[in-house]
Amino acid sequence: MAKKKTDKKKWAQDLPEAVKDLETKLTLSRKKKLSPPQERSWAEPYKIKMVEILRMTTSKEREKYIVEAGYNTFLLRARDVYIDLLTDSGTSAMSDRQWAGIMQGDEAYAGSENFYHMEAAVQKYYGYKYVVPTHQGRGAEHILSQLTIKKGDIVPGNMYFTTTKLHQELAGGKFADIIVDEAHDANSTHPFKGNVDLNKLQKIINEEGPEKIPYISLEGCVNMAGGQPFSLHNLKALRKLCSRHKIRIMLDATRIAENAFMIKKREKKYANHEISDILREICSLTDGATMSAKKDCLVNIGGFLALNDQELYKKACNMVVIYEGLHTYGGMAGRDMEALGIGIGESVNENHLRSRIGQTQYLGQKLLDYGVPIVVPVGGHAIYLNAKEILSHIPQDQFPAQTLTAELYVDSGIRAMERGIVSAGRNPETGDHNYPRLELVRLTIPRRVYTQAHMDVVAESVAVVFAKKDKIRGLKMTYEPKKLRFFQARFSKLRDG
Ligand SMILES: *Cc1c(COP(=O)(O)O)cnc(C)c1O
């Protein structure tokens, strides 16, 4: 322990000791040693140039708004939200350089200069040969699924993502979960819960035959598992197995820069590698990628399909003109493609990733300190509250995670998202709810948008709701859309008895 008594003389005589003490206070760290530069507090590698004023509301107003929204946070008006943690999708703050790029939009219908800038960035940072722009990630998923999946095919993946799985099903395929078991356990501290279980994949190959598997759908920082990364060690083994059976690996690259950062932090062998090298190595072990640029790439709209196979690329170019737009804009304005090209470069900057993921970890640690059950280890883009454990008295078909999002909103105007039984939808064969093991509420952190003080408010609000959990009642679904129901479903509060 540093000495409590620090009179001036002592201070001068014993400088290192005093500096230690100061350091301890500044970093809020319980460590007594001075931290080497890489272990000190993260801080934003930017400063704020413009602010957006938020409207503050009362809990009484919020009670009214949530009823009007059918207890679905997707149906709230953004103006009624204080801290918006619904999603990190399209909610990033762009840099001054990206905004400058917006002013250089070349809005030619064909061959916009901005397309070539974006294409060059994809080739440089991800290393794929061909790029087909799309309006956002699902546009790329649609094209890939339609071109590669036949009726009766199986698409194995490291846990499903809502739009990805739906496009696979609409193309006639069936999704098969091959993620490691630890991913379904909110309390497992496995550092790579996004890994593929090769035995599960081998079993599918044996039973169905490799010709029924159009590709492996591999996601970085697996969203539905809590933002959990896969390791390069695992991907290399997966590549070996897939090459033996001539099966393609298609990467869902939406949060792949964040996955690369996690590899650097958690996979010893890569501790001294540049993020951009890790990223290129990941991509080089896959055959192509779908990208929702609204996440890692720091833009508000956009996406692409990246490929190495020229034949597939030609087919994709043919299809993109039907559903998205010409193959040199694919649904994006020229200015959006310019901002995207710049955003890709910024997204692999290690200082950016350190503060981005540092902020998420900061919120996670605060919640753990309050004793709130969350998914561990904390992922890259979000904190996932374990609603199944927090509201253990509410049965899953009374939507505990949906309930928790509504309670949080009323408490403090924080908007979160359900990632549980509502998101999991129904089994297309039996018509029954899918009952996922994970019943979570996602607090998603937009990139470069909120401060550490906002995170403090979020943690305090979650702690307050957690403290009164036993008084909270579940919900009843009163309107259910046929597909992707979580976006528009409506609920009402269940009463006593
Ligand atoms: C957001 C997302 C998508 C879909 O992308 P959109 O841009 O929303 O269409 C696909 N996969 C993952 C992992 C995502 O997070």
Side-chain angles (χ1 to χ4, degrees), residues 37-39 42 45 88 122 124-128 157-159 161 178-180 182-183 188-198 201 216-242 249-292 295-298 306 344-361 364 375-384 445 447:
Q38 281 314 304
E39 284 170 28
W42 58 273
D88 61 333
V122 174
K124 176 176 172 191
Y125 291 103
Y126 305 97
Y128 299 113
N158 56 346
M159 207 175 262
F161 183 73
I178 53 165
I179 203 164
V180 292
E182 287 85 349
S188 159
T189 54
H190 190 298
F192 291 106
K193 285 160 96 173
N195 277 355
V196 168
D197 183 331
L198 297 180
L201 176 57
I216 308 297
S217 186
L218 181 73
E219 185 188 333
C221 278
V222 182
N223 199 348
M224 304 301 280
Q228 306 295 335
F230 59 74
S231 69
L232 257 167
H233 180 80
N234 183 249
L235 175 54
K236 283 180 182 166
L238 176 68
R239 176 74 271 173
K240 230 182 209 167
L241 179 59
C242 288
I249 302 174
M250 301 306 291
L251 184 67
D252 182 336
T254 299
R255 295 186 183 81
I256 203 63
E258 292 174 0
N259 197 124
F261 182 82
M262 299 283 210
I263 286 175
K264 184 174 167 115
K265 290 289 142 191
R266 297 180 187 173
E267 206 170 346
K268 266 208 186 84
K269 195 175 154 197
Y270 294 93
N272 297 316
H273 283 53
E274 296 287 332
I275 298 293
S276 54
D277 292 340
I278 297 174
L279 183 58
R280 252 195 316 272
E281 184 164 352
I282 294 171
C283 296
S284 74
L285 293 163
T286 69
D287 300 283
T290 54
M291 174 64 97
S292 169
K295 282 79 168 223
D296 261 7
C297 301
L298 299 162
I344 289 172
E346 292 177 1
S347 76
V348 304
N349 178 290
E350 185 164 345
N351 292 321
H352 158 68
L353 287 165
R354 184 162 181 256
S355 99
R356 189 285 184 280
I357 290 173
Q359 187 175 42
T360 308
Q361 310 267 329
V375 175
V376 287
V378 172
H381 69 298
I383 303 297
Y384 291 72
I445 323 287
R447 296 168 184 79

Rounded to the nearest 0.5 Å, what's the gap from [atom1] on [X] to [atom2] on [Y]? Could you check?
| X | Y | atom1 | atom2 | answer |
| --- | --- | --- | --- | --- |
| Asp197 | Ile179 | CG | CD1 | 10.0 Å |
| Ile445 | Ile357 | CD1 | CD1 | 11.5 Å |
| Ser188 | Gln228 | OG | CD | 8.5 Å |
| Ile263 | Leu232 | CD1 | CG | 4.0 Å |

Donor-acceptor contact present, side-chain [X] to main-chain [Y], <3.5 Å:
| X | Y | answer |
| --- | --- | --- |
| Glu267 | His233 | yes |
| Arg356 | Glu258 | no |
| Asp252 | Gly220 | no |
| Asp88 | His381 | no |
| Trp42 | Gly358 | yes |
| Asn234 | Asn195 | no |
| Lys124 | Gly345 | no |
| Thr360 | Gly380 | yes |
| Tyr125 | Leu279 | no |

Exercise. Can Glu350 and Lys264 be said to form a salt bridge (Lys or Arg N to Asp or Glu O under 4.0 Å), step by step?
Worked result: CA-CA 10 Å; Glu350 185 164 345; Lys264 184 174 167 115; 3.3 Å; yes
For this session: With side chain to side chain contact (heavy atoms under 4.5 Å, CB included) as the test, would you mind laying out the steps for Tyr126 and Thr286 before giving the verdict?
Result: CA-CA 10 Å; Tyr126 305 97; Thr286 69; over 6 Å; no
Exercise. Quick check: are there more than 12 heavy atoms from other residues, nucleotides or ligands sitting under 6.0 Å from NZ of Lys240?
Worked result: no
Problem set entry | NZ/NE/NH1/NH2 to OD/OE distance under 4.0 Å, Glu281 and Lys236 | yes
Exercise. Any ion pair linking Arg239 and Asp287 (charged N to carboxylate O, less than 4.0 Å)?
Worked result: yes
